[in-house]
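A quick write-up on the structure given underneath.
The figures that follow rest on heavy atoms only: side chains count, while hydrogens, waters and symmetry mates do not. Just so it is clear, the structure is predicted and the values come from calculations on it, not from any experiment.
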Amino acid sequence: MRYRLTFITGAAVGYVLGARAGRERYEALRKGAQRVAQNPAVRNTVETAAVNGRAIAGKAADRIGDRLPGSVAGRIRSLREQRGADEDDWGTSNT
């Protein structure tokens, strides 16, 4: 009960402080986040991480593929067939 009361109190305090900050502060935070997300260095880093993650996941699936349940192996196979070799999920390969 004590933890629930602490959580509710924290949520109420957060709501009040957020309401006082208002829409202007929200917009400023949103614009800052957009600037970071649209930065070419950040986009390239995200793209590189996605490509590396797919490569590592593919190698891991190949290595343990015979030990995976049939439904998981089938899903991996269908995802590989759907995705082209040069397809980019993020749309950032031209930056």
Side-chain angles (χ1 to χ4, degrees):
M1 184 68 182
R2 186 177 99 203
Y3 297 112
R4 187 177 299 165
L5 183 61
T6 303
F7 174 77
I8 292 171
T9 303
V13 168
Y15 176 78
V16 169
L17 292 177
R20 286 189 181 165
R23 183 75 176 179
E24 294 161 359
R25 181 67 180 143
Y26 167 77
E27 291 295 331
L29 290 171
R30 189 177 66 79
K31 286 179 184 178
Q34 281 181 335
R35 274 196 308 273
V36 169
Q38 292 174 354
N39 183 338
V42 172
R43 292 176 65 124
N44 288 336
T45 302
V46 168
E47 179 181 0
T48 301
V51 168
N52 290 340
R54 282 194 297 268
I56 291 170
K59 289 178 186 177
D62 290 341
R63 192 175 320 131
I64 63 167
D66 57 335
R67 291 181 277 177
L68 290 174
S71 60
V72 175
R75 181 68 178 147
I76 291 172
R77 201 173 314 109
S78 70
L79 287 172
R80 284 183 176 172
E81 291 170 359
Q82 288 176 2
R83 185 183 316 277
D86 58 346
E87 189 175 332
D88 181 19
D89 288 342
W90 295 91
T92 57
S93 59
N94 61 350
T95 55

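Applying the side-chain contact (heavy atoms from CB on, under 4.5 Å) test to E24 and every residue at least two apart in sequence or in another chain returns nothing. In this structure, R4 has no salt bridge (charged side-chain N to carboxylate O under 4.0 Å, His left out) partners at least two apart in sequence or on a different chain.
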Which is it for R30 and Q34 under the side-chain contact (heavy atoms from CB on, under 4.5 Å) test, yes or no, and what are the steps along the way?
CA-CA 6 Å; R30 189 177 66 79; Q34 281 181 335; 3.2 Å; yes

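One distance of note links CZ of R54 with CD1 of I56; it measures 12.0 Å at 0.5 Å rounding.
Hydrophobic cluster membership is shared by V46 and V36, with clusters built from Ile, Leu, Val, Met, Phe, Trp and Tyr side chains linked at under 4.5 angstrom.
Closest approach of R43 to Q38, counting heavy atoms only: CD-O, 3.8 Å.
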